[in-house]
Amino acid sequence: MSTTRNQAKAAEMATDSTPWAAVRSGRSLRVTTAVGAAVLASVLAVVAFDVVMNDKGGLTPQAMEHLDESGVENPVTAVLLNFRSVDTWLEVGVLVLAVMSVFALHRKNSLTSSPPVQRGGYVLSRMTGAFVPLLVLGAGYLLWRGTHAPGGAFQAGALFAAAGVIVRLSGRNALQYIQGWLLRGVIILAFACMAGIGILFMTAGRNFLEYPAAHAGTWIFLLELVATISIGAGLWALFIGTHPMPLGRPPSRTANGTDT
Amino acid sequence: MTLSTEAIFTLTAVVVFCLGLYGLIASAHLVRKIMAINIMGSAVFLLFGSIARRNMLEQSDPVPQAMVITGIVVAVAATAFALTLARRIHAETGTTQLPEERGSE
């Protein structure tokens, strides 16, 4: 069915005599695009150069002025988890949405029923055993460090995810020990927690995610902790979801390509 | 005339962005397109890094830096979704190109 539609489309393209059809074909497309990209680059260079060199605005003074009441010492963490915490909330929401979309595209395989694609040898297994605890320790350190220096939930979450990816690549089927509902719950934890806490503050007459100044540091650390776990689990799930494995149809029907 | 670090970062970001744009349009393979979008995204992150330094104060602007950190996770999520879409297209049609690209080659 789709083949006939493609053929109809191809026939339509072949009879299309507009200049655009000529542009779309082969070398002329590349040349046109290259020229267009070069023109765009020179325009963008002037604009971006002007912004970076001449614009002295920005929110640095405001951020530094209110840093004392944010509950953390690192201005980037203050922006992420306090001044613009709605951004972070929606960002963990995007991660949840991406995980859902990726696994919605799989017909049979669910998150916890996908076995590793390879078996690790002795060296890889031993190295995994050595590296994973170090990565978890590093993630904890980055999380703690984020309150006063560069670091925080995103970096720690990335390390957590990296630990999971190494376990996955070493051929251990860690997923069989994890209940599906538990993993889904962990992925959605940060989004739900931030929404819940935000609404809790709203019922107390504050704005969404506007922490009480006296306890802002505690709230931020708690939210960073759940965000670390959710980001780590979400990124790990995305890796599992995009890792080569039978997707939808049996391999025999998809094996006419080269990348399965 | 000597270029400051911020100026070099800015110009590099613009060049890398346009290279990514060229790759996005000129290459037909879906994985190449996804990589091109990632290259464009990295250029934007680099530009944000130099925007954060535009005040030349002792403290960098934390807002663009925070947006980069948020953006990286969103970029990874979008890339994973795009790769899964590409694999599904391959599973359904047996090719790694969009119908429009196939019609022209």
Side-chain angles (χ1 to χ4, degrees), chain A residues 2 6 9-10 12-14 21 24-26 29-30 33-34 37-38 40-41 44-45 48-49 51-53 55-56 58-60 63-64 75-76 78-80 84 87-88 91 94-95 97-99 101-102 105-106 152 154-155 157 231 234-235 238-239 241-242 247-249 254 256-257 259-260, chain B residues 4 6-7 9-11 13-15 17-26 31 47 50-57 59-67 69-74 76-85 87-88 90-96 99-105:
Chain A
S2 65
N6 292 339
K9 194 127 195 173
E12 184 191 319
M13 298 286 303
R24 288 199 68 88
S25 62
L29 169 68
R30 290 203 183 84
T33 312
L40 183 68
L44 280 181
F49 205 74
V51 167
V52 173
M53 290 295 123
D55 176 40
K56 297 298 175 200
L59 296 165
T60 317
M64 298 316 287
V76 178
V79 169
L80 276 174
R84 294 177 66 94
D87 283 7
T88 303
E91 181 270 328
V94 166
L95 195 59
L97 200 61
V99 174
S101 311
V102 163
L105 283 168
H106 293 257
F154 294 88
Q155 294 87 333
I231 290 170
L235 292 175
L238 286 179
F239 177 80
T242 49
L247 189 141
R249 294 178 180 184
T254 62
N256 50 359
D259 62 338
T260 40
Chain B
S4 65
E6 289 77 25
F9 278 16
T10 306
L11 294 177
V14 169
V15 170
F17 181 87
C18 290
L19 279 174
L21 186 67
Y22 170 77
L24 176 65
I25 299 173
V31 174
L47 181 67
S50 57
I51 284 178
R53 289 291 302 157
R54 74 190 184 286
N55 285 309
M56 309 289 182
L57 302 174
Q59 172 68 45
S60 299
D61 191 346
V63 178
Q65 293 183 331
M67 288 173 82
I69 291 178
T70 310
I72 288 172
V73 173
V74 173
V76 170
T79 305
F81 180 48
L83 284 171
T84 320
L85 275 176
R87 296 199 60 223
R88 183 63 183 266
H90 180 247
E92 296 284 335
T93 65
T95 71
T96 52
E100 290 82 5
E101 304 279 355
R102 265 176 271 143
S104 65
E105 304 221 348

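Predicted, not measured: the structure shown is a model, and the values here were computed from it. Below, read A as the first sequence line, B as the second, and so on, with proteins coming before strands; counting in each chain starts at 1.
Partners of B:Ala7 by side chain to side chain contact (heavy atoms under 4.5 Å, CB included), not counting sequence neighbours, listed by chain and number: A:Phe49, A:Met53, B:Leu3, B:Ser4. Taking the side chain to side chain donor-acceptor pair (under 3.5 Å) definition, one finds that B:Thr79 meets it with B:Asn38, sequence neighbours left out.
The part of B:Phe17 that comes within reach of chain A is its side chain, from C-beta onward, which places non-hydrogen atoms under 4.5 angstrom from that chain. Of the two parts of B:Val15, neither the backbone nor the side chain holds a non-hydrogen atom closer than 4.5 Å to a non-hydrogen atom of chain A. Both the backbone and the side chain of B:Thr70 come within contact range of chain A, judged by heavy atoms closer than 4.5 Å. A:Leu97 does not touch chain B: none of its heavy atoms, backbone or side chain, sits under 4.5 Å away. B:Leu85 touches chain A through backbone and side chain together, each having a heavy atom under 4.5 Å away. The contact between B:Leu11 and chain A is made entirely by side chain atoms (from C-beta outward), counting heavy-atom distances below 4.5 Å.
Put simply, of B:Ala82, B:Ala13, B:Ala66, the one with the most heavy-atom pairs under 4.5 Å next to chain A is B:Ala66. Looking only at heavy-atom pairs under 4.5 Å with chain A, the residue among B:Ile69, B:Val76, B:Leu83 that has the most is B:Ile69. Among the candidates A:Ala34, A:Ala63, A:Ala38, the residue making the largest number of heavy-atom pairs closer than 4.5 Å to chain B is A:Ala34.
Under the 3.5 Å distance criterion, the side-chain polar atoms of A:Thr88 are matched with a main-chain donor or acceptor of A:Leu80. Checking side-chain atoms of B:Arg53 against main-chain N and O of B:Glu6 turns up no donor-acceptor pair under 3.5 Å. Distance alone, capped at 3.5 Å, is enough to place a donor-acceptor pair between the B:Ser50 side chain and the B:Leu47 backbone.
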Test log, rule side chain to side chain contact (heavy atoms under 4.5 Å, CB included), inputs A:Phe154 and B:Ile72: CA-CA 9 Å; A:Phe154 294 88; B:Ile72 288 172; over 6 Å; no
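Other residues, nucleotides and ligands contribute at most 12 non-hydrogen atoms within 6.0 Å of the CZ atom of B:Phe9.
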